[in-house]
Amino acid sequence: MTSGDGSTMAVSGVTVLELDTPHGPARAHLHSAEEPRAALILGHGAAGGVEAPDIVTAAEVAHSEGISVALIEQPYRVAGRRSPPRAPQLDAAWVAVVERLRVGELAGLRLIVGGRSMGARVACRTAAATGAVAVLCLAFPLEPPRRAAKPLQSRLPELDAVTVPTLVVQGEQDRFGMPPPGPSREVVKVPGDHNLKKDLEAVAAAVRAWLSGVVAEAARAR
C-alpha cells in the first residue's frame, strides 16, 4: 500500500514506512499502541541500526506503557552507507521525518524524541524544532576520543540547549564520558560501557520510571 509521500508495509505487527526527506528516503518502524498516551521517536547510533539492544529495550518499555514508538533509520542507512553525513544533513532529515509522523500516524500525540549516541545528539539539537515534550538519550557521547594536538571537545552544549525534561542513561564505564545532571536533565548511571548491553534491566528500569513521570506531566499540561 502506498501513502502520499512514501510506501507502507506491515511486518509482524510493525508498520514500516518509507518517508521522503531532503536527503533521500528515511525509514520508520512504527509500533502503534492500541490507545496511545504519547509517542516516542528514537534514532540510531552512527555505526548501528535501530536493532541495538538499548533501543529495543527502550521501545519495549515504552510500548508496554501504552506509548506508540517509531524507530527511525536515517537516509544514509537506508541507502546502505556506513558513515553518517554531517550534522546539518542528519538534523534536516530527522526533522522532516518527525514532522511527517506528527501530521500522520502520530497525529495528536505528545512527542518524546531521543536516540542512541549520535541519534541522541540529533534529538537534542532539534528538540525545539520538533516540538518535543521530552528527550531520551541513550549513551550520549559527551566527549569524542582525544586526538593529538587537538583540544578536548565537549558536546555538553547540545544537552544544555534542551529545555524540556531530559533523561540520559549512561554506562558507568562509557569511554565518551559522563554528562552531568542539569536543571531539566536527569542522568542515570547503569553498569557497563557505551553499548549499554551489560544490564538491560537497569536501562529498562530507568526508562520506565522516567517515562511514567514525563507522560503524566504532559497529560496535566494539556
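Numbers here are sequence positions counted from 1.
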Would you compute the distance between atom [atom1] of [X] and atom [atom2] of [Y] and round it to the nearest 0.5 angstrom?
X: E65; Y: R37; atom1: CD; atom2: CZ; result: 6.0 Å
X: S68; Y: H31; atom1: OG; atom2: NE2; result: 10.5 Å
X: M178; Y: Q173; atom1: CE; atom2: CD; result: 8.5 Å
X: S32; Y: E34; atom1: OG; atom2: CD; result: 10.5 Å
X: T57; Y: D199; atom1: OG1; atom2: CG; result: 10.0 Å
X: F140; Y: Q170; atom1: CZ; atom2: CD; result: 8.5 Å

Should [X] and [Y] count as side-chain neighbours, where that means a heavy-atom distance under 4.5 Å?
X: R155; Y: P144; answer: yes
X: P25; Y: L19; answer: no
X: P84; Y: Q89; answer: no
X: S117; Y: F176; answer: no
X: L111; Y: I41; answer: yes
X: Q74; Y: H44; answer: yes
X: L142; Y: L156; answer: yes
X: R27; Y: L17; answer: no

For [X] versus [Y], what's the shortest heavy-atom pair and its separation?
X: A127; Y: V135; answer: CB-CG2, 3.9 Å
X: P191; Y: A202; answer: CD-CB, 4.2 Å
X: R116; Y: D54; answer: NH1-OD2, 2.7 Å
X: T126; Y: D91; answer: CG2-CB, 3.7 Å
X: V97; Y: A26; answer: CG2-CB, 3.6 Å

Co-membership, hydrophobic cluster, residues V122 and L101, 4.5 Å side-chain: yes
Side-chain (T166) to main-chain (V164) donor-acceptor, under 3.5 angstrom: yes
Between T21 and G24, is there a donor-acceptor pair closer than 3.5 Å when you use the side chain of the first and the backbone of the second? yes
Can you list the residues that meet the side-chain contact (heavy atoms from CB on, under 4.5 Å) rule with R175, with sequence neighbours excluded?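 Applying side-chain contact (heavy atoms from CB on, under 4.5 Å) to R175 gives H194.
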D160 bridged to R185 by N-O distance under 4.0 Å: yes
May I ask you to say whether R121 pairs ionically with E158, meaning some side-chain N is under 4.0 Å from a carboxylate O? yes
Would you say R102 and T130 are linked by a side-chain donor-acceptor pair, where the criterion is simply a distance under 3.5 Å? no
What residues form a salt bridge (Lys or Arg N to Asp or Glu O under 4.0 Å) with D174, not counting sequence neighbours? none
With ILVMFWY side chains joined below 4.5 Å, transitively, what does V215's cluster contain besides itself?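 Same cluster as V215: L40, L42, V50, I55, V61, I67, V69, L71, I112, V133, L136, L138, L167, V169, V188, V190, L196, V203, V207, W210, L211, V214.
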Could you please spell out the steps behind the side-chain contact (heavy atoms from CB on, under 4.5 Å) verdict for E105 and R100? CA-CA 8 Å; E105 289 74 11; R100 162 63 176 78; 2.7 Å; yes
